[in-house]
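Chain identifiers are assigned alphabetically (A, B, ...) following the order of the sequence lines, protein sequences preceding nucleic acid strands; residue numbering begins at 1 within each chain.
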2 protein chains.
Amino acid sequence: MDLTDRPDLAYDVFAKACPSRGTLEHVTGRWGALTLGALAEGSLRFNELRRRVEGVSEKMLSQTLHALERDGLVHREAQPTNPPRVDYELTPLGHEVAGRLLTLIHFLEGRMDEVLGARERYDTARGGR
Amino acid sequence: MDLTDRPDLAYDVFAKACPSRGTLEHVTGRWGALTLGALAEGSLRFNELRRRVEGVSEKMLSQTLHALERDGLVHREAQPTNPPRVDYELTPLGHEVAGRLLTLIHFLEGRMDEVLGARERYDTARGGR
């Protein structure tokens with residue numbers, strides 16, 4: 001199939017082999033979403049990011065940043081200072097992604113009372129756990 | 001701090017212990033996002049869902065559905081038929097979440113050319129891999 005004639009079919013996250021699935025996972029994975037959300041507020045250094053994304057290990061944050069940088073969502077800027085200093089910031093595409101992600105995050109934060117109520121009913125119906 | 005006075009501070013996904021972080025992970029995790037996206041089109045039986053979310057194992061889909069049901073995003077309806085038949089559908093809250101998620105998914109699918117271009121530049125700059 002010539003995908004250039006059907007741009008609507010070019011990428012599909014539901015298809016196992018589609019590269020968009022990997023990017024969706026980088027963006028929405030456990031740490032990817034929080035990293036993009038944190039950088040939406042402005043550029044941060046590695047250790048600032050680590051404090052903002054509570055609970056992330058140095059190794060996981062480093063892997064997360066590499067994946068987001070490779071996908072063109074995060075820009076890494078090494079400052080020529082002594083000691084060297086590295087800033088991370090969103091690219092224009094990263095800002096567009098982070099905006100949509102934050103819409104989802106803020107929506108969920110605003111509806112957590114409903115979610116916790118549902119969890120309580122679910123657990124009660126199953127004899128608690 | 002009395003959180004009832006500051007509803008804006010009640011839930012915060014950046015805080016390690018906040019229950020909203022778990023829900024964000026259920027919604028955006030590898031399989032959660034695709035399951036919600038698939039159910040946004042209408043109710044589906046387990047095996048229909050499994051075919052739609054290409055690559056998911058029976059066990060992972062079952063775990064994913066339980067987490068989403070417990071969070072009040074998916075409703076499980078056992079039909080009193082013989083053989084028994086179980087339908088899964090989004091709750092009203094699930095529909096609102098899935099809508100925001102699909103906005104993000106469709107945006108990413110539409111910008112994958114940019115993402116793949118960035119990956120190529122990244123890999124070339126590092127001597128290929």
Side-chain angles (χ1 to χ4, degrees), chain A residues 7-30 32-34 37-38 52-56 66 69-73 91-93 96-97 99-101 103-123 126, chain B residues 7-30 32-34 37-38 52-56 66 69-73 91-93 96-97 99-101 103-123 126:
Chain A
D8 55 314
L9 285 185
Y11 298 105
D12 175 10
V13 291
F14 290 101
K16 201 166 137 184
C18 183
S20 65
R21 190 180 276 192
T23 300
L24 179 67
E25 287 173 13
H26 300 156
V27 164
T28 63
R30 188 180 175 86
L34 297 174
R52 180 76 180 111
V53 182
E54 259 185 38
V56 72
H66 275 118
E69 191 193 350
R70 183 166 180 259
D71 279 351
L73 304 175
T91 63
L93 182 59
E96 292 194 79
V97 171
R100 284 159 181 85
L101 198 55
T103 300
L104 175 65
I105 286 175
H106 294 150
F107 177 81
L108 285 176
E109 287 175 342
R111 301 296 281 270
M112 278 308 292
D113 287 334
E114 264 178 76
V115 169
L116 296 182
R119 282 190 197 169
E120 214 174 298
R121 284 190 300 279
Y122 182 95
D123 292 347
R126 275 150 197 82
Chain B
D8 55 314
L9 284 185
Y11 298 105
D12 176 10
V13 292
F14 290 101
K16 201 167 139 186
C18 184
S20 65
R21 191 180 274 193
T23 300
L24 179 67
E25 287 173 13
H26 300 155
V27 165
T28 62
R30 187 180 176 83
L34 297 175
R52 181 76 179 112
V53 181
E54 259 186 38
V56 71
H66 275 119
E69 192 193 347
R70 184 166 178 259
D71 279 351
L73 303 175
T91 63
L93 182 59
E96 292 194 81
V97 170
R100 286 160 178 83
L101 198 55
T103 300
L104 175 66
I105 286 175
H106 294 151
F107 178 81
L108 285 176
E109 287 174 344
R111 302 295 281 269
M112 279 307 294
D113 287 334
E114 264 178 76
V115 169
L116 296 182
R119 282 190 197 169
E120 213 174 298
R121 285 190 299 279
Y122 183 96
D123 292 346
R126 277 151 195 80

Determine whether the side chains of A:Y122 and B:D71 contain a donor N or O and an acceptor N or O closer than 3.5 Å.
no

Go through A:E120, A:H106, A:R100, A:R111 and name the one with the most non-hydrogen pairs under 4.5 angstrom from chain B.
A:R100

In plain terms, say whether B:E54 and A:R21 are close enough for a salt bridge, that is, a side-chain N and a carboxylate O under 4.0 Å apart.
no

Below 4.5 Å from any heavy atom of chain B, which atoms of A:V27 appear? Answer side chain, backbone, both or neither.
side chain

Interchain contact, A:L34 with chain B, by part (heavy-atom threshold 4.5 Å):
both

Less than 4.5 Å to any heavy atom of chain B: does that hold for the side chain of A:F14, its backbone, both, or neither?
both

Would you say that A:Y11 contacts B:V115 through its side chain, given a criterion of any heavy-atom pair below 4.5 Å between the two side chains?
no

When rounded to the nearest 0.5 angstrom, what is the spacing between CG in A:L108 and CG in B:L101?
9.0 Å

Can you sort out the partners of A:R121 under side-chain hydrogen bond (donor to acceptor under 3.5 Å, both in side chains), two or more places apart, ordered by chain and number?
none

Between atom CG of B:L104 and atom CD of A:E96, what is the distance when rounded to the nearest 0.5 Å?
11.5 Å

Heavy-atom distance under 4.5 Å between the side chains of B:M112 and A:C18, does that happen here?
no

Can you tell me which portion of B:E25 sits under 4.5 Å from chain A's heavy atoms? Options are side chain, backbone, both or neither.
side chain

Could you state the interatomic distance from CZ (B:R70) to CG (A:D123), rounded to the nearest 0.5 Å?
4.0 Å

Of all of A:T103, A:L93, A:V56, A:V97, which one pairs up most often with chain B through heavy atoms under 4.5 Å apart?
A:L93

Partner chain A: residue of B:I105, B:V53, B:T91 with the largest heavy-atom pair count (under 4.5 Å):
B:I105

